[in-house]
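Worth saying up front: this structure is predicted, and the values here are computed from it rather than measured.
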Amino acid sequence: MKIGKHHLSKIEDYLWEIPKSFHKNMLVPARVLAHEPILDDIIGDRSLVQLVNVASLPGIQGASWVMPDVHEGYGFPIGGVAATSHPDGAISPGGIGYDINCGVRLLTSTIMLEEVKDKIEALSKEMYAQIPSGMGKGGFLHLTHKEMEDVLSLGAKWAIDKGYGNIKDLAFIENNGHLPDADPSKVSERAKSRGLDQLGTIGSGNHFVEVDYVDEIYEPEVAEAFGLKKGQLVVLIHTGSRGLGHQIATDHIKIMMTAMEKYGIRVPDRELTCVPFSSLEGQNYYKAMCAAANYAWANRQVITWEARKAWANIFGKDHGQLKLMYDVAHNMAKLETHNVDGKPHALIVHRKGATRAFGPGFSELPESYNLLGQPVIIPGSMGTSSYILIGTSKSHDLTFGSCCHGAGRRLSRTASKKQVNAPQLKEQLKERGIYVQAGSFKGIAEEAPIAYKDVNLVVETVSDAGIAKKVAKLRPVAVVKG
DNA sequence: ATGTGC
């Protein structure tokens, strides 16, 4: 199957549809949120074919969606949202991603860039020294088996109980950094052992810890509630559940590949492997997925502690702790209720490279954000802008309360490596006042700005679609990568 | 994304 622009019918400037009639397997239409220039980036890879494949997922409701940062992934596109009927619709690991609960958190500081410009290079080195990074790398923690069980059950709270953070941090994490449905007994010994030494580490690929300054404010009242001021330094942390989550995905994908048949499920691509959520295999995966999510939140919490330590080492303790603004997951399935055909419907919302973007009035949000909406954090590529947005009520009507998660790749890792001279890029960024500390030039080449879509256009799309509003724009000054 | 592949 090949899908071109002519298969897409334009509904709005920012919304395109492939109707259900396009293919007999489709149970719902396929929808693309993107301003026209972005479509050219999207059509080059398999993401639209994958989007159409997802429309055949058993129990899928409403539409198969992709956000403007879409690109191809394992089975499902990255940047996709698929909501299936709870409890008998499908749960599919490919709709969540190998890096379960990959996500981003933002910390705000009390320091203005202008005050400390001459200390940024030292800060970047100190961050790199304090925060372990790189493929397969471990950190300073070496969990016992009992501690692993507790991390998987308790999430971010485990880290805070151990002294890696403040109890007040918890309110500013999606789900308070804890999914109670986690069951460590559904996580293989192999997955657990891969996770023992990796808590508090960022890994490689697009994962990073970055220092940014607030470059622009679009919504002053919201920015104030979020603790954002023009010129202020903030810290962005992007990572997930490391080898543990990857192993959980691998284990359960393998189980589902054989289990699928007994439930009479056929999918157009074996990578869409899935089982009914209510089945034994579905429940086992879901409980293991929740455990991986808890591990990822504990991971971002320990990294926060490391970042705070580096901060204090450079700026002194009188600058206080970096404050957690919010932590959002962008690789996860969540049990949520949304309207389908005008009626509330219990759903399993798969978000893969898509961020929850709830509007105002959700009791789970921190009290100070409750009347406003949920913060949405959109990291750009290395050396470009990142954005802080806020979710809206319209996201519930349109995309099951979801938004994009980043700029989105436009070149494969290999294509990017061919085009980019990494040492030169590192120097160019330094000349622009962006200090990159990376474990490998390969990582820099794969993550070069040219490998990504224009984040401004991506954000413009979701903002014009009305599923999130721009609050602030950030620009990087220091980047730590694997 | 990932001790880059069964």
Query raised in the report: Only one of A:L107, A:T108, A:L106 clears side-chain contact (heavy atoms from CB on, under 4.5 Å) with A:L324; which?
Result: A:L107
Query raised in the report: Can you name the one residue among A:S64, A:P93, A:S92 that meets side-chain contact (heavy atoms from CB on, under 4.5 Å) with A:F76?
Result: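 Of all the options given, the one that passes is A:S92.
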Just how far, in rounded Å, is [atom2] of [N] from [atom1] of [X]?
| X | N | atom1 | atom2 | answer |
| --- | --- | --- | --- | --- |
| A:I202 | B:dT2 | CD1 | C1' | 15 Å |
| A:D99 | B:dT2 | CG | P | 6 Å |
| A:Y295 | B:dT2 | OH | C1' | 13 Å |
| A:N299 | B:dT2 | CG | P | 10 Å |
| A:Y74 | B:dT4 | OH | C1' | 15 Å |
| A:I100 | B:dT2 | CD1 | C1' | 12 Å |
| A:Q247 | B:dC6 | CD | C1' | 14 Å |
| A:N101 | B:dT2 | CG | P | 13 Å |

Query raised in the report: Quick one: is A:T250 getting a side-chain N or O under 4.0 Å of the B:dT2 phosphate, OP1 or OP2?
Result: no
Query raised in the report: Going by atom types alone, do A:E460 and A:N456 pair a side-chain donor with an acceptor below 3.5 Å?
Result: no
Query raised in the report: Is there a donor-acceptor contact under 3.5 Å linking the side chains of A:N284 and A:H252?
Result: no
Under 4.0 angstrom, heavy atoms only, what part of the nucleic acid is [X] near: base, sugar-phosphate, or nothing?
| X | result |
| --- | --- |
| A:K254 | nothing |
| A:R409 | nothing |
| A:G243 | sugar-phosphate |
| A:E72 | nothing |
| A:Q198 | sugar-phosphate |

Query raised in the report: Which comes earlier along DNA chain B counting from the 5' end, the contact point of A:G205 or that of A:K442, where each point is its nearest nucleotide?
Result: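 The answer here is A:G205.
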Report task. Compute the centroid of each ring, for A:H330 and then for A:H238, and state whether the two points are separated by less than 6.0 Å. Result ->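 That pair passes the under 6.0 Å test.
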